[in-house]
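All values reported here derive from a predicted model rather than from experimental measurement. Below, chain A is the first sequence line, B the second, and so on; all start at residue 1.
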Amino acid sequence: MVSPTRWRALSASVRGASHEKNGQPNQDAVRSRNPGKGHEMLLLAIADGHGSTRSFRSEKGSALAAEVALRELAKFVRRLGPDAPLSKVRNQARTRWPKDLIAAWKAAVRADLAKNPFTYLDFAAFPEKPPVLKPGQDLPITAYLAYGATLVALVITSRYIIYSQLGDGDILTVHEDGKVARPLPRKHEFMSNQTISLCSHYADKEFQIRVDPLRAGTAPALIMLSTDGYANCFGDDEAFFKVGGDFLEYLKAEGPSFVRDKLADWLQQSSRDGSGDDITVGLAAHDTALPPKKKK
Amino acid sequence: MAARPLHFFWLADGSGSMRVEGKIQALNHAIHEAIPHMRAAALENPHAAVFVNAVRFADSAQWMDDRLTPVSEFRWTDLEAGGATAMGEALAMVGEALQPPLMNDRALPPVLALVTDGLPTDDFQAGLNHLMSKPWGQAALRLVVAIGEDSASPDAQSIFRQFIGNDALKPFHANNPEALAEQIRWISTAVLQSVSSPVGLKAEGAGTANWAASAHLLTTVNFSGPEEADVW
(Lines give C-alpha, C1' and ligand atoms only; values in the text may rest on other atoms or scores of the structure.)
Protein backbone atom coordinates (compact mmCIF):
# COMPACT_ATOMS: atom_id res chain seq x y z
CA MET A 1 0.00 0.00 0.00
CA VAL A 2 1.28 3.45 -0.89
CA SER A 3 -0.03 6.46 0.96
CA PRO A 4 -1.91 8.73 -1.44
CA THR A 5 -0.66 11.74 0.48
CA ARG A 6 2.68 11.07 -1.14
CA TRP A 7 1.33 12.18 -4.53
CA ARG A 8 1.10 15.74 -5.71
CA ALA A 9 -0.57 17.21 -8.80
CA LEU A 10 0.50 20.21 -10.82
CA SER A 11 -0.80 21.45 -14.12
CA ALA A 12 -0.94 24.18 -16.72
CA SER A 13 -3.16 24.96 -19.66
CA VAL A 14 -2.23 27.41 -22.41
CA ARG A 15 -4.04 28.95 -25.33
CA GLY A 16 -2.72 27.66 -28.64
CA ALA A 17 -0.58 29.88 -30.84
CA SER A 18 -3.15 29.46 -33.65
CA HIS A 19 -5.98 30.32 -31.27
CA GLU A 20 -4.16 33.51 -30.28
CA LYS A 21 -3.79 34.43 -33.92
CA ASN A 22 -7.45 33.70 -34.69
CA GLY A 23 -8.85 35.26 -31.53
CA GLN A 24 -10.13 31.93 -30.21
CA PRO A 25 -10.03 31.20 -26.48
CA ASN A 26 -8.25 28.30 -24.83
CA GLN A 27 -10.79 25.49 -25.17
CA ASP A 28 -8.89 23.09 -22.89
CA ALA A 29 -9.52 22.77 -19.17
CA VAL A 30 -7.76 21.16 -16.25
CA ARG A 31 -8.84 20.50 -12.66
CA SER A 32 -6.93 18.74 -9.91
CA ARG A 33 -7.20 17.99 -6.23
CA ASN A 34 -4.32 16.90 -4.07
CA PRO A 35 -4.82 14.34 -1.33
CA GLY A 36 -5.35 15.78 2.13
CA LYS A 37 -6.98 15.18 5.42
CA GLY A 38 -10.32 13.45 4.89
CA HIS A 39 -9.63 13.20 1.17
CA GLU A 40 -7.31 10.30 0.63
CA MET A 41 -6.96 10.43 -3.10
CA LEU A 42 -5.36 12.47 -5.86
CA LEU A 43 -7.72 13.55 -8.63
CA LEU A 44 -6.68 14.97 -11.98
CA ALA A 45 -8.73 15.62 -15.12
CA ILE A 46 -8.04 17.42 -18.38
CA ALA A 47 -10.55 18.11 -21.14
CA ASP A 48 -10.23 19.38 -24.69
CA GLY A 49 -13.15 21.26 -26.24
CA HIS A 50 -13.71 20.54 -29.94
CA GLY A 51 -13.62 24.19 -30.95
CA SER A 52 -15.36 23.48 -34.25
CA THR A 53 -18.18 25.59 -35.69
CA ARG A 54 -20.73 23.21 -34.22
CA SER A 55 -19.02 23.14 -30.81
CA PHE A 56 -19.26 26.85 -30.13
CA ARG A 57 -19.56 26.37 -26.36
CA SER A 58 -16.80 23.78 -26.06
CA GLU A 59 -14.72 26.07 -23.84
CA LYS A 60 -17.53 25.75 -21.29
CA GLY A 61 -18.04 22.07 -22.11
CA SER A 62 -14.43 21.20 -21.35
CA ALA A 63 -14.51 23.10 -18.04
CA LEU A 64 -17.68 21.25 -17.05
CA ALA A 65 -16.12 17.95 -18.09
CA ALA A 66 -13.02 18.43 -15.93
CA GLU A 67 -15.07 19.61 -12.93
CA VAL A 68 -17.63 16.83 -13.21
CA ALA A 69 -14.90 14.21 -13.66
CA LEU A 70 -13.25 15.19 -10.38
CA ARG A 71 -16.52 15.15 -8.49
CA GLU A 72 -17.77 11.89 -9.98
CA LEU A 73 -14.44 10.07 -9.62
CA ALA A 74 -14.34 10.99 -5.93
CA LYS A 75 -17.92 9.76 -5.49
CA PHE A 76 -17.14 6.59 -7.39
CA VAL A 77 -14.15 5.72 -5.22
CA ARG A 78 -15.97 6.52 -1.97
CA ARG A 79 -18.96 4.43 -2.99
CA LEU A 80 -16.72 1.44 -3.61
CA GLY A 81 -15.27 1.80 -0.14
CA PRO A 82 -11.69 1.40 1.03
CA ASP A 83 -11.58 -2.39 0.89
CA ALA A 84 -13.30 -3.19 -2.42
CA PRO A 85 -11.56 -6.05 -4.24
CA LEU A 86 -9.61 -4.87 -7.27
CA SER A 87 -11.75 -7.05 -9.53
CA LYS A 88 -14.81 -5.13 -8.36
CA VAL A 89 -13.05 -1.79 -8.88
CA ARG A 90 -12.14 -2.85 -12.43
CA ASN A 91 -15.60 -4.05 -13.21
CA GLN A 92 -17.32 -0.96 -11.87
CA ALA A 93 -14.76 1.36 -13.47
CA ARG A 94 -15.53 -0.16 -16.87
CA THR A 95 -19.29 -0.31 -16.53
CA ARG A 96 -20.59 2.20 -14.04
CA TRP A 97 -18.09 5.05 -14.11
CA PRO A 98 -18.48 5.98 -17.83
CA LYS A 99 -22.28 6.03 -17.50
CA ASP A 100 -22.14 8.12 -14.29
CA LEU A 101 -19.71 10.56 -15.82
CA ILE A 102 -21.64 11.09 -19.05
CA ALA A 103 -24.93 11.47 -17.19
CA ALA A 104 -23.33 14.02 -14.85
CA TRP A 105 -21.73 15.96 -17.73
CA LYS A 106 -25.01 16.07 -19.63
CA ALA A 107 -26.79 17.25 -16.48
CA ALA A 108 -24.17 19.98 -16.10
CA VAL A 109 -24.70 21.01 -19.75
CA ARG A 110 -28.47 21.18 -19.19
CA ALA A 111 -27.93 23.28 -16.05
CA ASP A 112 -25.74 25.66 -18.02
CA LEU A 113 -28.32 25.84 -20.79
CA ALA A 114 -31.01 26.67 -18.26
CA LYS A 115 -28.96 29.71 -17.30
CA ASN A 116 -27.76 30.54 -20.83
CA PRO A 117 -30.20 29.25 -23.44
CA PHE A 118 -29.09 29.04 -27.05
CA THR A 119 -30.01 32.06 -29.15
CA TYR A 120 -31.10 32.14 -32.77
CA LEU A 121 -27.76 33.75 -33.54
CA ASP A 122 -25.96 30.71 -32.09
CA PHE A 123 -27.67 28.52 -34.68
CA ALA A 124 -27.78 31.02 -37.54
CA ALA A 125 -25.29 28.96 -39.57
CA PHE A 126 -27.19 25.67 -39.12
CA PRO A 127 -30.43 24.42 -40.67
CA GLU A 128 -32.18 23.55 -37.40
CA LYS A 129 -33.65 25.84 -34.74
CA PRO A 130 -31.81 26.24 -31.43
CA PRO A 131 -32.64 23.31 -29.12
CA VAL A 132 -34.71 24.32 -26.11
CA LEU A 133 -34.81 22.67 -22.68
CA LYS A 134 -38.19 21.07 -22.02
CA PRO A 135 -39.19 19.31 -18.80
CA GLY A 136 -38.97 15.54 -19.07
CA GLN A 137 -37.29 15.59 -22.47
CA ASP A 138 -33.66 15.02 -23.33
CA LEU A 139 -31.91 17.43 -25.66
CA PRO A 140 -30.90 16.53 -29.23
CA ILE A 141 -27.24 15.67 -29.82
CA THR A 142 -26.65 19.07 -31.46
CA ALA A 143 -27.15 20.71 -28.05
CA TYR A 144 -24.49 18.53 -26.41
CA LEU A 145 -22.27 18.88 -29.47
CA ALA A 146 -22.17 22.63 -28.82
CA TYR A 147 -20.34 21.75 -25.58
CA GLY A 148 -18.36 18.83 -27.08
CA ALA A 149 -15.14 17.86 -25.32
CA THR A 150 -12.83 14.93 -24.77
CA LEU A 151 -11.69 13.84 -21.32
CA VAL A 152 -8.65 12.24 -19.72
CA ALA A 153 -8.91 11.59 -15.99
CA LEU A 154 -6.92 9.95 -13.23
CA VAL A 155 -7.50 8.95 -9.63
CA ILE A 156 -4.84 7.62 -7.30
CA THR A 157 -5.97 6.06 -4.04
CA SER A 158 -3.95 4.20 -1.43
CA ARG A 159 -4.57 0.93 -3.27
CA TYR A 160 -4.99 1.57 -6.96
CA ILE A 161 -4.77 3.93 -9.91
CA ILE A 162 -7.65 4.38 -12.36
CA TYR A 163 -6.70 5.73 -15.78
CA SER A 164 -9.68 6.85 -17.82
CA GLN A 165 -9.90 8.35 -21.29
CA LEU A 166 -12.60 9.27 -23.77
CA GLY A 167 -11.36 10.54 -27.11
CA ASP A 168 -7.95 11.84 -28.03
CA GLY A 169 -5.31 12.96 -25.55
CA ASP A 170 -2.45 11.10 -23.92
CA ILE A 171 -1.42 9.49 -20.66
CA LEU A 172 2.22 8.62 -20.01
CA THR A 173 3.67 6.81 -17.01
CA VAL A 174 7.30 7.51 -16.13
CA HIS A 175 9.16 5.13 -13.88
CA GLU A 176 12.17 5.69 -11.68
CA ASP A 177 14.36 3.77 -14.10
CA GLY A 178 13.40 6.19 -16.90
CA LYS A 179 10.97 3.83 -18.60
CA VAL A 180 8.10 5.70 -20.22
CA ALA A 181 4.91 3.92 -21.31
CA ARG A 182 1.31 4.45 -22.26
CA PRO A 183 -1.03 2.75 -19.80
CA LEU A 184 -3.76 3.04 -22.45
CA PRO A 185 -2.99 2.42 -26.11
CA ARG A 186 -3.15 5.39 -28.47
CA LYS A 187 -6.19 4.91 -30.67
CA HIS A 188 -5.16 5.36 -34.27
CA GLU A 189 -8.67 6.18 -35.39
CA PHE A 190 -8.22 9.51 -33.62
CA MET A 191 -5.77 10.60 -36.28
CA SER A 192 -6.37 13.75 -38.25
CA ASN A 193 -8.28 15.45 -35.47
CA GLN A 194 -11.20 13.03 -35.48
CA THR A 195 -12.29 11.94 -32.07
CA ILE A 196 -14.97 10.41 -29.91
CA SER A 197 -16.12 12.70 -27.14
CA LEU A 198 -18.61 13.15 -24.32
CA CYS A 199 -21.35 14.13 -26.76
CA SER A 200 -20.89 11.11 -29.06
CA HIS A 201 -23.52 8.42 -29.40
CA TYR A 202 -22.58 5.45 -27.20
CA ALA A 203 -19.77 7.48 -25.61
CA ASP A 204 -19.92 5.26 -22.51
CA LYS A 205 -18.84 2.29 -24.62
CA GLU A 206 -15.87 4.17 -26.04
CA PHE A 207 -14.11 4.84 -22.74
CA GLN A 208 -10.66 3.39 -22.28
CA ILE A 209 -10.19 2.33 -18.68
CA ARG A 210 -7.32 0.76 -16.82
CA VAL A 211 -7.03 -0.05 -13.14
CA ASP A 212 -3.61 -0.87 -11.72
CA PRO A 213 -2.82 -1.92 -8.16
CA LEU A 214 -0.60 0.60 -6.42
CA ARG A 215 2.37 -1.21 -5.01
CA ALA A 216 5.62 0.24 -3.79
CA GLY A 217 8.37 -0.59 -6.24
CA THR A 218 6.13 -1.01 -9.28
CA ALA A 219 4.18 2.26 -9.23
CA PRO A 220 5.24 4.98 -11.63
CA ALA A 221 7.10 7.95 -10.23
CA LEU A 222 5.22 10.33 -12.49
CA ILE A 223 2.00 10.22 -14.50
CA MET A 224 1.45 12.79 -17.24
CA LEU A 225 -1.93 13.61 -18.76
CA SER A 226 -2.02 15.87 -21.81
CA THR A 227 -4.40 17.08 -24.48
CA ASP A 228 -3.58 16.07 -28.05
CA GLY A 229 -2.11 19.49 -28.82
CA TYR A 230 0.99 18.44 -26.88
CA ALA A 231 1.73 15.08 -28.55
CA ASN A 232 1.10 16.73 -31.91
CA CYS A 233 4.08 19.03 -31.27
CA PHE A 234 6.40 16.05 -31.56
CA GLY A 235 7.33 14.21 -34.72
CA ASP A 236 6.72 10.79 -33.20
CA ASP A 237 6.12 8.94 -29.95
CA GLU A 238 9.83 8.52 -29.30
CA ALA A 239 10.26 12.29 -29.11
CA PHE A 240 7.04 12.68 -27.12
CA PHE A 241 8.03 10.03 -24.57
CA LYS A 242 11.27 11.88 -23.94
CA VAL A 243 9.36 14.81 -22.51
CA GLY A 244 7.95 12.51 -19.81
CA GLY A 245 11.50 11.66 -18.73
CA ASP A 246 12.45 15.34 -18.89
CA PHE A 247 9.63 16.30 -16.52
CA LEU A 248 10.75 13.65 -14.03
CA GLU A 249 14.32 14.93 -14.20
CA TYR A 250 13.21 18.52 -13.62
CA LEU A 251 11.00 17.51 -10.71
CA LYS A 252 13.85 15.62 -9.08
CA ALA A 253 16.47 18.25 -9.69
CA GLU A 254 14.52 21.47 -9.25
CA GLY A 255 11.34 20.56 -7.40
CA PRO A 256 7.64 21.01 -8.11
CA SER A 257 7.61 24.79 -7.61
CA PHE A 258 10.14 25.24 -10.39
CA VAL A 259 8.14 23.02 -12.76
CA ARG A 260 4.87 24.73 -11.81
CA ASP A 261 6.40 28.14 -12.49
CA LYS A 262 7.86 27.13 -15.83
CA LEU A 263 5.22 24.75 -17.16
CA ALA A 264 2.97 27.30 -18.89
CA ASP A 265 5.98 28.93 -20.61
CA TRP A 266 7.21 25.55 -21.83
CA LEU A 267 3.80 24.64 -23.18
CA GLN A 268 3.39 28.01 -24.89
CA GLN A 269 6.76 27.57 -26.56
CA SER A 270 5.73 24.08 -27.67
CA SER A 271 2.50 25.38 -29.19
CA ARG A 272 4.36 28.16 -31.00
CA ASP A 273 7.01 25.82 -32.42
CA GLY A 274 4.77 22.80 -32.87
CA SER A 275 1.06 22.09 -33.24
CA GLY A 276 -0.27 25.63 -32.68
CA ASP A 277 -3.09 24.03 -30.69
CA ASP A 278 -4.15 24.61 -27.08
CA ILE A 279 -2.02 22.51 -24.75
CA THR A 280 -2.86 21.24 -21.31
CA VAL A 281 -0.64 19.07 -19.14
CA GLY A 282 -1.43 17.59 -15.75
CA LEU A 283 1.30 15.88 -13.76
CA ALA A 284 0.86 13.55 -10.80
CA ALA A 285 4.21 13.09 -9.11
CA HIS A 286 5.04 10.61 -6.37
CA ASP A 287 7.32 12.01 -3.70
CA THR A 288 10.10 9.70 -4.84
CA ALA A 289 10.11 11.93 -7.91
CA LEU A 290 10.51 15.04 -5.82
CA PRO A 291 13.60 16.35 -4.06
CA PRO A 292 13.72 15.66 -0.32
CA LYS A 293 12.19 18.40 1.82
CA LYS A 294 14.74 20.59 3.51
CA LYS A 295 14.85 20.28 7.29
CA LYS A 296 13.99 23.50 9.09
CA MET B 1 9.21 20.45 -31.84
CA ALA B 2 7.70 19.54 -35.19
CA ALA B 3 5.05 21.05 -37.42
CA ARG B 4 2.29 18.64 -38.43
CA PRO B 5 2.64 17.27 -41.96
CA LEU B 6 -0.11 18.08 -44.44
CA HIS B 7 -0.09 16.33 -47.82
CA PHE B 8 -1.78 18.03 -50.72
CA PHE B 9 -2.26 15.98 -53.90
CA TRP B 10 -3.50 17.21 -57.25
CA LEU B 11 -5.10 14.45 -59.31
CA ALA B 12 -4.97 15.97 -62.75
CA ASP B 13 -6.70 14.69 -65.86
CA GLY B 14 -4.28 14.56 -68.81
CA SER B 15 -6.56 12.59 -71.13
CA GLY B 16 -7.12 13.41 -74.81
CA SER B 17 -10.33 15.33 -74.19
CA MET B 18 -8.40 17.87 -72.14
CA ARG B 19 -6.72 18.92 -75.41
CA VAL B 20 -10.00 20.32 -76.69
CA GLU B 21 -10.41 24.09 -76.52
CA GLY B 22 -7.26 24.66 -74.51
CA LYS B 23 -8.39 22.96 -71.30
CA ILE B 24 -5.00 21.45 -70.52
CA GLN B 25 -3.25 24.79 -71.11
CA ALA B 26 -5.77 26.46 -68.84
CA LEU B 27 -5.16 23.82 -66.14
CA ASN B 28 -1.37 24.16 -66.40
CA HIS B 29 -1.64 27.93 -66.26
CA ALA B 30 -4.07 27.86 -63.31
CA ILE B 31 -1.83 25.66 -61.19
CA HIS B 32 1.35 27.60 -62.11
CA GLU B 33 -0.42 30.76 -61.10
CA ALA B 34 -1.74 29.26 -57.84
CA ILE B 35 1.57 27.89 -56.54
CA PRO B 36 2.93 31.21 -55.17
CA HIS B 37 -0.40 31.77 -53.40
CA MET B 38 -0.22 28.25 -52.01
CA ARG B 39 3.28 28.93 -50.64
CA ALA B 40 2.07 32.15 -49.05
CA ALA B 41 -0.91 30.35 -47.49
CA ALA B 42 1.40 27.65 -46.11
CA LEU B 43 3.72 30.28 -44.61
CA GLU B 44 0.74 31.76 -42.80
CA ASN B 45 0.53 28.64 -40.68
CA PRO B 46 3.94 27.53 -39.40
CA HIS B 47 2.26 24.71 -37.46
CA ALA B 48 1.69 22.72 -40.63
CA ALA B 49 4.44 21.43 -42.92
CA VAL B 50 2.78 21.35 -46.34
CA PHE B 51 3.95 18.85 -48.95
CA VAL B 52 2.63 18.85 -52.49
CA ASN B 53 2.61 16.29 -55.24
CA ALA B 54 0.47 15.49 -58.26
CA VAL B 55 -0.73 12.43 -60.11
CA ARG B 56 -1.33 12.83 -63.82
CA PHE B 57 -3.72 10.31 -65.29
CA ALA B 58 -4.29 9.48 -68.96
CA ASP B 59 -3.63 5.97 -70.36
CA SER B 60 -2.05 5.30 -67.00
CA ALA B 61 -1.37 7.23 -63.82
CA GLN B 62 2.02 8.67 -62.86
CA TRP B 63 3.37 10.75 -60.00
CA MET B 64 4.71 14.12 -61.04
CA ASP B 65 7.44 14.05 -58.38
CA ASP B 66 9.12 10.92 -57.15
CA ARG B 67 9.82 12.32 -53.70
CA LEU B 68 8.14 14.16 -50.85
CA THR B 69 8.19 17.79 -51.96
CA PRO B 70 7.75 20.71 -49.55
CA VAL B 71 5.45 23.34 -51.01
CA SER B 72 8.39 25.75 -51.16
CA GLU B 73 10.14 23.45 -53.64
CA PHE B 74 7.19 22.14 -55.60
CA ARG B 75 7.35 22.81 -59.34
CA TRP B 76 4.43 22.04 -61.63
CA THR B 77 5.51 20.21 -64.77
CA ASP B 78 3.19 21.14 -67.62
CA LEU B 79 0.90 18.28 -68.59
CA GLU B 80 0.33 17.27 -72.18
CA ALA B 81 -3.07 15.87 -73.00
CA GLY B 82 -3.54 12.53 -74.77
CA GLY B 83 -4.93 9.09 -74.16
CA ALA B 84 -7.65 7.61 -71.99
CA THR B 85 -8.75 8.56 -68.44
CA ALA B 86 -7.21 6.17 -65.89
CA MET B 87 -8.83 7.93 -62.93
CA GLY B 88 -9.33 4.71 -60.98
CA GLU B 89 -5.63 3.91 -61.21
CA ALA B 90 -4.80 7.42 -59.95
CA LEU B 91 -7.04 6.96 -56.92
CA ALA B 92 -5.48 3.60 -56.15
CA MET B 93 -1.97 5.12 -56.38
CA VAL B 94 -2.89 7.86 -53.95
CA GLY B 95 -4.44 5.28 -51.62
CA GLU B 96 -1.20 3.34 -51.72
CA ALA B 97 0.74 6.49 -50.81
CA LEU B 98 -1.51 7.48 -47.92
CA GLN B 99 0.00 4.96 -45.53
CA PRO B 100 2.93 4.87 -43.12
CA PRO B 101 5.69 5.90 -43.36
CA LEU B 102 4.36 8.86 -45.37
CA MET B 103 1.42 9.24 -43.02
CA ASN B 104 1.75 9.15 -39.26
CA ASP B 105 -0.49 9.84 -36.25
CA ARG B 106 0.49 13.50 -36.22
CA ALA B 107 -0.45 14.21 -39.83
CA LEU B 108 -3.25 16.61 -40.67
CA PRO B 109 -5.99 15.34 -42.99
CA PRO B 110 -4.61 15.21 -46.53
CA VAL B 111 -6.24 17.14 -49.35
CA LEU B 112 -7.03 15.35 -52.62
CA ALA B 113 -8.05 17.72 -55.41
CA LEU B 114 -9.35 15.92 -58.49
CA VAL B 115 -9.37 18.07 -61.64
CA THR B 116 -11.06 16.44 -64.62
CA ASP B 117 -13.28 17.08 -67.60
CA GLY B 118 -15.14 13.82 -67.74
CA LEU B 119 -15.63 10.18 -67.04
CA PRO B 120 -13.04 7.55 -66.17
CA THR B 121 -12.24 4.90 -68.75
CA ASP B 122 -10.84 2.39 -66.27
CA ASP B 123 -12.26 0.73 -63.14
CA PHE B 124 -13.05 3.83 -61.10
CA GLN B 125 -14.86 1.84 -58.41
CA ALA B 126 -11.89 -0.43 -57.76
CA GLY B 127 -9.60 2.59 -57.45
CA LEU B 128 -11.98 4.40 -55.11
CA ASN B 129 -12.45 1.27 -53.01
CA HIS B 130 -8.69 0.95 -52.64
CA LEU B 131 -8.35 4.60 -51.64
CA MET B 132 -11.19 4.33 -49.13
CA SER B 133 -9.81 1.11 -47.68
CA LYS B 134 -7.02 3.23 -46.19
CA PRO B 135 -7.85 5.20 -43.04
CA TRP B 136 -6.11 8.27 -44.43
CA GLY B 137 -8.06 7.96 -47.68
CA GLN B 138 -11.24 8.16 -45.63
CA ALA B 139 -9.91 11.02 -43.52
CA ALA B 140 -8.84 13.07 -46.56
CA LEU B 141 -10.66 16.16 -47.69
CA ARG B 142 -11.61 15.15 -51.25
CA LEU B 143 -12.53 17.91 -53.67
CA VAL B 144 -13.41 18.00 -57.36
CA VAL B 145 -12.93 20.68 -59.98
CA ALA B 146 -15.12 19.61 -62.88
CA ILE B 147 -14.16 21.21 -66.19
CA GLY B 148 -16.57 21.82 -69.04
CA GLU B 149 -20.07 20.70 -69.94
CA ASP B 150 -19.36 16.98 -70.14
CA SER B 151 -18.39 16.98 -66.50
CA ALA B 152 -21.89 18.23 -65.62
CA SER B 153 -23.53 15.04 -66.92
CA PRO B 154 -25.41 12.87 -64.38
CA ASP B 155 -22.86 10.07 -64.79
CA ALA B 156 -19.95 12.39 -64.11
CA GLN B 157 -21.73 13.98 -61.16
CA SER B 158 -22.39 10.54 -59.70
CA ILE B 159 -18.68 9.71 -59.95
CA PHE B 160 -17.76 13.01 -58.29
CA ARG B 161 -20.24 12.52 -55.45
CA GLN B 162 -18.80 9.09 -54.75
CA PHE B 163 -15.28 10.50 -54.69
CA ILE B 164 -16.19 13.43 -52.42
CA GLY B 165 -18.21 11.13 -50.14
CA ASN B 166 -19.90 13.98 -48.29
CA ASP B 167 -23.30 15.38 -49.24
CA ALA B 168 -22.40 18.74 -47.75
CA LEU B 169 -19.69 19.28 -50.34
CA LYS B 170 -20.35 19.98 -54.01
CA PRO B 171 -17.91 19.80 -56.90
CA PHE B 172 -16.61 23.08 -58.23
CA HIS B 173 -17.58 23.57 -61.83
CA ALA B 174 -15.43 25.55 -64.27
CA ASN B 175 -16.75 26.53 -67.69
CA ASN B 176 -13.96 28.86 -68.64
CA PRO B 177 -10.27 29.42 -67.88
CA GLU B 178 -10.96 32.30 -65.49
CA ALA B 179 -13.31 30.22 -63.35
CA LEU B 180 -10.82 27.34 -63.38
CA ALA B 181 -7.99 29.64 -62.26
CA GLU B 182 -10.10 31.07 -59.43
CA GLN B 183 -11.16 27.63 -58.21
CA ILE B 184 -7.64 26.26 -58.30
CA ARG B 185 -6.38 29.31 -56.41
CA TRP B 186 -9.19 28.95 -53.85
CA ILE B 187 -8.36 25.33 -53.19
CA SER B 188 -4.66 26.18 -52.97
CA THR B 189 -5.22 28.87 -50.37
CA ALA B 190 -8.49 29.01 -48.40
CA VAL B 191 -9.05 25.26 -48.34
CA LEU B 192 -5.41 24.61 -47.54
CA GLN B 193 -5.51 27.10 -44.65
CA SER B 194 -8.73 25.64 -43.29
CA VAL B 195 -7.40 22.10 -43.23
CA SER B 196 -4.01 23.08 -41.84
CA SER B 197 -5.38 24.93 -38.85
CA PRO B 198 -5.88 23.11 -35.54
CA VAL B 199 -8.72 25.53 -34.87
CA GLY B 200 -12.15 24.23 -35.65
CA LEU B 201 -11.15 20.81 -36.83
CA LYS B 202 -12.30 18.57 -34.02
CA ALA B 203 -15.20 16.31 -34.83
CA GLU B 204 -17.85 14.71 -32.73
CA GLY B 205 -17.21 11.22 -33.99
CA ALA B 206 -14.32 9.21 -35.33
CA GLY B 207 -14.72 8.20 -38.94
CA THR B 208 -16.67 11.27 -39.97
CA ALA B 209 -15.42 14.02 -42.22
CA ASN B 210 -14.34 16.41 -39.52
CA TRP B 211 -13.77 19.47 -41.63
CA ALA B 212 -17.27 19.32 -43.12
CA ALA B 213 -18.59 22.44 -41.43
CA SER B 214 -15.84 24.74 -42.66
CA ALA B 215 -15.24 22.96 -45.96
CA HIS B 216 -18.91 23.31 -46.81
CA LEU B 217 -18.57 27.06 -46.61
CA LEU B 218 -15.40 26.91 -48.66
CA THR B 219 -16.66 24.72 -51.45
CA THR B 220 -20.04 26.32 -51.97
CA VAL B 221 -18.40 29.55 -53.07
CA ASN B 222 -19.51 30.21 -56.65
CA PHE B 223 -16.72 30.78 -59.12
CA SER B 224 -18.49 30.68 -62.42
CA GLY B 225 -16.56 33.52 -64.04
CA PRO B 226 -18.27 35.83 -66.51
CA GLU B 227 -21.10 34.10 -68.39
CA GLU B 228 -20.00 35.38 -71.77
CA ALA B 229 -16.65 33.71 -71.09
CA ASP B 230 -18.13 30.19 -71.11
CA VAL B 231 -16.00 28.27 -73.57
CA TRP B 232 -16.16 24.67 -72.33
A:Ala203 versus chain B, the contacting section by heavy-atom distance below 4.5 Å: neither
SB check A:Arg182 A:Asp237 (cutoff 4.0 Å): yes
Heavy-atom proximity to chain B below 4.5 Å, by part of A:Ser58: neither
Most contacts with chain B, counted as non-hydrogen pairs under 4.5 angstrom, among A:Ala17, A:Gly229, A:Ala231: A:Ala231
Max heavy-atom pair count under 4.5 Å with chain B, selected residue of A:Cys233, A:Ala149, A:Ala125, A:Gly148: A:Cys233
Row check, A:Tyr144 ring normal vs A:Lys106 NZ/CZ: under 6.0 Å, within 45°: yes
Polar side chain donor-acceptor pair, A:Ser18 to A:Glu20, under 3.5 angstrom: no
A:Lys242 with A:Glu249: basic N within carboxylate O range, under 4.0 Å: no
